[in-house]
2 protein chains.
Amino acid sequence: MNASPDSHRRQQPPQPSQSANASKSPRRRGAERTRELLEVTLAMADEVGYGGLSIEAIAWRAGVGKHTIYRRWSSLPELLLDTLEHVWVSDFDYRTTGSIRDDLREQFIRSSQGLKSPPLGPIYRAVIAAAQSDEQLRETIHARFLATVESRTLARVRLAQDRGELRSDVDLEPTIDVLAGSLYYRWVLTTRPVDEGVIDALIDMFMDAYGRSDHSAGG
Amino acid sequence: MNASPDSHRRQQPPQPSQSANASKSPRRRGAERTRELLEVTLAMADEVGYGGLSIEAIAWRAGVGKHTIYRRWSSLPELLLDTLEHVWVSDFDYRTTGSIRDDLREQFIRSSQGLKSPPLGPIYRAVIAAAQSDEQLRETIHARFLATVESRTLARVRLAQDRGELRSDVDLEPTIDVLAGSLYYRWVLTTRPVDEGVIDALIDMFMDAYGRSDHSAGG
DNA sequence: CAGAATGCGACACGGACCGTGCCGATAGAT
DNA sequence: ATCTATCGGCACGGTCCGTGTCGCATTCTG
């Protein structure tokens, strides 16, 4: 589907030649070009949002033939996945220095802020959109990005169990989907912000359920 | 974005004239046509999935000019929203006859089964995909469908509070997003099924947090 | 340093859909 | 019987896809 109502009339003045940032130095090749294409994709996602992302537009913007892109990626979502990896920042990991409550909270807030702002937001949305009609892509998203988040979350809450902050009589693994996924609801399906209200509601529920009152907890 | 790798080569043999189910009786008009178009959309979503849904394909399948569709809906997502209403079945409401635990569980299972299968699944996915590049559409989805789910969920858990099944010292409103949204994570972002495992994990967490052990609850 | 191999930009296709405009036919309302 | 809105059919220009071809530039190999 071509979603946006104005998905025509895009970016692309039918100018005969390349854009500004190309053709300065000698023709780039190989890995150098690959890196440049990822950067251009990033910049475009930032400037024009997901609606303006197409292989033709990216190629034109980079001053490049479409083949140069297709030689590297088989489709736009493939390119976007690699681009996503550039912004799926390493600091998406949990601190282990505070209470489990504080560390979860900080991490969730950090994640929600990442989603909120370009360029991660638009690119992630584009991939999610494409994945709705492509089960394979959904699998890839989970394997390349979300599985890591889930296992880090599990590791963090298990550490809290070991430290006696959480009840030790429950297996927390099944709850990981709830912890990792709850915040997506607002982001993907509504226009309400993923704010501290939802985050606190989630953490409160989690702590009320599995916290040990003799340690931290609250409610 | 045009996601699926094979999003070309579609449905549409360039046959000169209409398909089977048209042209039997005299030309239909007005509301009658509208209903028929919704049904055709439904049937196509069922048969060819979301990848095969386009205004041209629907028009051809219904033996109709594109104008007849554009006269009624401004875009494919608009048509899909109305189609969704046809399958967003009324039984997506909570029973109030069992324990809160059982009623939540039954409702969640019912919802997940609806998502799993055509025609609701494909159409909903198509709308969600389109909504990623269209904030207005996201707002519409929430207003037309999800807000109802949320308020029904809130009503059901508040009833449980009144009945003494849940702690009365907490405002459950903030938790509604978690209850209503958790299950979407798997469905939208992974290929793992929304099975009873996740559902039970969610409900367990909820009941552990807000249930009253003197009533039902469990660990 | 010369020649081969390969990456590259430019351009051109055919195809799917989009959204619109125009036509003559047809159906319901007057 | 006439009038008018709706209809189906057709064609258009436009965007983007994915592929193919060509001649040049760069880099590798000998």
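Naming convention: chains lettered A, B, ... in sequence-line order (proteins, then strands); numbering from 1 in each chain. Everything numeric here is computed off the predicted structure, so don't read it as measured data.
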Roughly, in whole Å, what's the span from [atom1] in [X] to [atom2] in [N]?
{"X": "B/Glu32", "N": "C/dA27", "atom1": "CD", "atom2": "P", "value": "12 Å"}
{"X": "A/Ile55", "N": "D/dT19", "atom1": "CD1", "atom2": "C1'", "value": "12 Å"}
{"X": "A/Glu56", "N": "C/dC11", "atom1": "CD", "atom2": "P", "value": "14 Å"}
{"X": "A/Glu78", "N": "D/dC17", "atom1": "CD", "atom2": "P", "value": "14 Å"}
{"X": "A/Glu36", "N": "C/dG9", "atom1": "CD", "atom2": "C1'", "value": "13 Å"}
{"X": "B/Trp60", "N": "D/dC10", "atom1": "CH2", "atom2": "P", "value": "14 Å"}
{"X": "A/Leu76", "N": "D/dT15", "atom1": "CG", "atom2": "P", "value": "18 Å"}
{"X": "A/Ile69", "N": "C/dA10", "atom1": "CD1", "atom2": "C1'", "value": "14 Å"}

Worksheet item: Can you check whether A/Ser75 has a side-chain N or O nearer than 4.0 Å to OP1 or OP2 of D/dC17?
Response: no

Checking contacts here: which listed nucleotide ([options]) is nearest the side-chain heavy atoms of [X]?
{"X": "B/Arg71", "options": "C/dG19, D/dC7, C/dG7", "answer": "D/dC7"}
{"X": "A/Lys66", "options": "D/dG8, D/dG18, C/dC17", "answer": "D/dG18"}
{"X": "B/Arg72", "options": "D/dC7, C/dC18, D/dG18", "answer": "D/dC7"}
{"X": "A/Ser54", "options": "C/dC8, D/dG8, D/dC17", "answer": "D/dC17"}
{"X": "B/Tyr70", "options": "D/dG8, C/dT20, D/dG18", "answer": "C/dT20"}

Worksheet item: Aromatic rings B/Tyr94 and B/Phe108: how do their planes relate, parallel, tilted or perpendicular, breaks at 30° and 60°?
Response: perpendicular

Classify the side-chain pair [X]/[Y] by whether it contains a donor and acceptor separated by less than 3.5 Å.
{"X": "A/Thr191", "Y": "B/Glu139", "value": "yes"}
{"X": "B/Glu39", "Y": "B/His86", "value": "no"}
{"X": "A/Tyr185", "Y": "A/Thr190", "value": "no"}

Taking N or O atoms only and anything under 3.5 Å, show me the protein contacts with nucleotides 4-6 of chain C, one pair per line.
{"unit_1": "C/dT6", "atom_1": "O2", "unit_2": "A/Arg29", "atom_2": "NH2", "d": "3.4"}

Worksheet item: So, the side chain of A/Asp46 versus the backbone of A/Pro119: is there a donor-acceptor pair under 3.5 Å, distance only?
Response: no

Discussion item. Tell me which pairs pass salt bridge (charged side-chain N to carboxylate O under 4.0 Å, His left out) where either residue lies in residues 72-86 of chain A, with sequence neighbours left out.
Written reply: A/Asp82-A/Arg144, A/Glu85-A/Arg144

Discussion item. Need to verify one output field. Residue with the more 5' nearest nucleotide on DNA chain C, A/Thr34 or B/His67?
Written reply: A/Thr34

Practice prompt. Using the ring of A/Trp187 (Phe, Tyr or Trp, six-membered ring only), decide whether A/Arg125 places NZ or CZ under 6.0 Å from its centre and within 45 degrees of its axis.
Written response: yes

